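To start, the structure itself, in structure tokens.
Excluded from the calculations below are hydrogen atoms, water molecules and symmetry mates; all remaining heavy atoms, backbone and side chain alike, are included. Fair warning: this is a prediction, and the values are worked out from it, not measured in the lab.
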Amino acid sequence: MKNEKINYFRIDFYLILIHVILLSISYIIYCLYPTEPNSKNLILLLFLFIAVCEIIPILFIIAIVLPHLDTNIKYVKIKKIFLIILYFISSFFILTFIGISSFLNENVFIHITTYTSILFISIYFSIIRFVKLTKDQYLFIISILIIFLLFIL
């Protein structure tokens, strides 16, 4: 059997590139479809609440997945935690730029599902696909995501 060396950070380069492209697209949408300021518009407060609530499932996923990562590479766990924080901040800014624009007429459901899908797909491709988890751990991660989406929606 051939001994494969896993490159943990190649996919992260592509994910960061995708996040930068999505962030620039969302900023362009924000510039093309500006909204008029309104004191009754509390959409940013809602997005901040969603982002704060998003931290809890991310911490559960980190607690489940990080002990199973390969420790042969130096500081792989610290680098992955840093990248998860980077994905979280990038996804939040994408949500904010698209959410405060008049694009999609402030449809919150579409914004929340886009935000969670971008963030959790990034976390999956960055960390979860490299570890060998049991079915129970996968079911626990999926149940955390479903509970979070039901709580927010």
Measuring from [X]:[atom1] to [Y]:[atom2], what's the distance to the nearest 0.5 Å?
{"X": "Thr96", "Y": "Leu48", "atom1": "OG1", "atom2": "CG", "answer": "8.0 Å"}
{"X": "Leu83", "Y": "Ile78", "atom1": "CG", "atom2": "CD1", "answer": "12.0 Å"}
{"X": "Leu145", "Y": "Phe60", "atom1": "CG", "atom2": "CZ", "answer": "12.0 Å"}
{"X": "Leu66", "Y": "Ile81", "atom1": "CG", "atom2": "CD1", "answer": "5.0 Å"}
{"X": "His111", "Y": "Ile94", "atom1": "NE2", "atom2": "CD1", "answer": "13.0 Å"}

ask   = Restricting to pairs with a member in residues 45-65, which pass salt bridge (charged side-chain N to carboxylate O under 4.0 Å, His left out), not counting sequence neighbours?
value = none
key: Minimum side-chain heavy-atom gap Leu95-Ser91 below 4.5 Å   = no
key: Side-chain heavy atoms of Ile58 within contact of Ile55, under 4.5 Å   = no
key: Counterpart residues, ring pair (Phe, Tyr, Trp, His ring centres under 6.0 Å), relative to Tyr33 (two or more places apart)   = Phe103
query = Looking at residues at least two apart in the chain, or sitting in another chain, which of them share a ring pair (Phe, Tyr, Trp, His ring centres under 6.0 Å) with Phe92?
reply = none
task = Examine Lys80 relative to Tyr75 and say whether NZ or CZ is less than 6.0 Å from the centre of the six-membered ring and inside a 45° cone about the ring axis.
result = no
Check residues 114-131 and write down every donor-acceptor pair under 3.5 Å in which the side-chain atom is one partner and the other belongs to a residue at least two apart or another chain.
unit_1 : atom_1 : unit_2 : atom_2 : d
Thr114 : OG1    : Ile110 : O      : 2.7
Thr116 : OG1    : Ile112 : O      : 3.0
Thr116 : OG1    : Thr113 : O      : 3.2
Ser117 : OG     : Thr113 : O      : 2.9
Ser117 : OG     : Thr114 : O      : 2.9
Ser122 : OG     : His19  : NE2    : 2.7
Ser122 : OG     : Ile118 : O      : 2.8
Ser126 : OG     : Asp12  : OD1    : 2.8
Arg129 : NE     : Phe125 : O      : 3.3

Got a list of side-chain donor-acceptor pairs under 3.5 Å for residues 135-143, not counting sequence neighbours?
unit_1 : atom_1 : unit_2 : atom_2 : d
Gln137 : OE1    : Thr134 : N      : 3.1
Gln137 : NE2    : His68  : NE2    : 3.2
Ser143 : OG     : Leu139 : O      : 3.2
Ser143 : OG     : Phe140 : O      : 2.7

Look at the side-chain heavy atoms of Ile, Leu, Val, Met, Phe, Trp and Tyr, link any pair under 4.5 Å apart, and say whether [X] and [Y] land in one connected group.
{"X": "Ile56", "Y": "Leu59", "result": "yes"}
{"X": "Ile61", "Y": "Phe82", "result": "no"}
{"X": "Ile85", "Y": "Ile64", "result": "yes"}
{"X": "Ile18", "Y": "Ile89", "result": "yes"}

I'd like a table of donor-acceptor pairs (distance under 3.5 Å, sequence neighbours excluded) in which one partner is a side-chain atom from residues 20-31, with atom names and distances.
unit_1 : atom_1 : unit_2 : atom_2 : d
Ser24  : OG     : Val20  : O      : 3.3
Ser24  : OG     : Ile21  : O      : 2.7
Ser26  : OG     : Leu22  : O      : 3.2
Ser26  : OG     : Leu23  : O      : 2.8

